[in-house]
Amino acid sequence: MSLQIVLQNLATRIATECKALRTMVSGNAADLSSLTTTAKGNLVLAINEVKALAGAAANINDATTAVASTWSSQKINDYVAMQVAGILGGASAAYDTLQEIQLALQSDDSDIASIMTALGNRLRFDAAQTLTTPQKAQACANIGVGDPETDFVAVFNAGLV
């Protein structure tokens, strides 16, 4: 191939690429339908639309909370950290995630079993219970009323009190 033909091919290629760029910039491109802007027929108008949207974006304002503004990333981070600290309530690092709490509960079910047993052994005043004789004796001793087998209503009605 001669130098003249190589140069002609190069010139033709450069001209073709320039024409394609001009067509794209002037809005005469074959298919701009995939643009997510409303201006789909002209690339310059589409760019201007994006610029206008970016210019109308919310301003950063750490002094107030409003619809037309947002906090800086630092203020958002500080706020989230404060909320997390409030939820954790000073929990140690060993229990500062839900997974750590779950693992602690799963690793020692005896604590939960002890709590459940203690709840089952409480003397209720919101519902009837059937108590064993030792349970009755302990309950009466705890509240200072003496013998659980004494019918205090009968004693009172008999005038013995």
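The residues of the chain are indexed from 1 along the displayed sequence. Because the structure is predicted, anything quoted here is derived from the model rather than measured.
- Here Arg122 pairs with nothing under the salt bridge (Lys or Arg N to Asp or Glu O under 4.0 Å) rule; sequence neighbours left out.
- Listed by chain and residue number, Arg13 satisfy the salt bridge (Lys or Arg N to Asp or Glu O under 4.0 Å) test with Glu17 (two or more places apart in sequence, or in another chain).
- The side chain to side chain donor-acceptor pair (under 3.5 Å) test applied to Glu100 returns Thr97, not counting sequence neighbours.
- Residues Trp71 and Ile60 are not in side-chain contact: their nearest non-hydrogen atoms beyond the backbone lie 4.5 Å or more apart.
- Residues forming a side chain to side chain donor-acceptor pair (under 3.5 Å) with Asn9 (at least two apart in sequence, or on another chain): none.
- Taking Thr38 as the reference, Glu49 meet the side-chain contact (heavy atoms from CB on, under 4.5 Å) condition, with sequence neighbours excluded.
- Legend: residues meeting side chain to side chain donor-acceptor pair (under 3.5 Å) with Asn142, ordered by chain and number and at least two apart, are Gln138.
- By the 6.0 Å contact criterion, CG on Leu98 is open, its count of non-hydrogen atoms from other residues, nucleotides or ligands being 12 or less.
- Listed by chain and number, the residues in a side-chain contact (heavy atoms from CB on, under 4.5 Å) with Leu45 are Ala39, Asn42 (sequence neighbours excluded).
- Residues forming a side-chain contact (heavy atoms from CB on, under 4.5 Å) with Ser2 (at least two apart in sequence, or on another chain): Gln4, Ile5.
- Listed by first and then second residue, the salt bridge (Lys or Arg N to Asp or Glu O under 4.0 Å) pairs involving residues 126-154 are Arg124-Asp126 (not counting sequence neighbours).
- Contact annotation: the side chain of Val155 approaches that of Thr150 to within less than 4.5 Å [non-hydrogen atoms, C-beta and beyond].
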Just list the side-chain donor-acceptor pairs under 3.5 Å for residues 74-91, sequence neighbours left out, or say none.
residue	atom	partner	partner atom	Å
Gln74	NE2	Asp78	OD1	2.8
Lys75	NZ	Asp62	O	2.7

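- Taking the side-chain contact (heavy atoms from CB on, under 4.5 Å) definition, one finds that Thr12 meets it with Thr16, sequence neighbours left out.
- For Thr37, the side chain to side chain donor-acceptor pair (under 3.5 Å) criterion is met by no residue, not counting sequence neighbours.
- At a threshold of 4.5 Å between non-hydrogen side-chain atoms, the residues Leu10 and Val6 do not count as touching.
- Of the inter-residue distances, the one linking Gln102 atom CD with Ser107 atom OG reads 10.5 Å to the nearest 0.5 angstrom.
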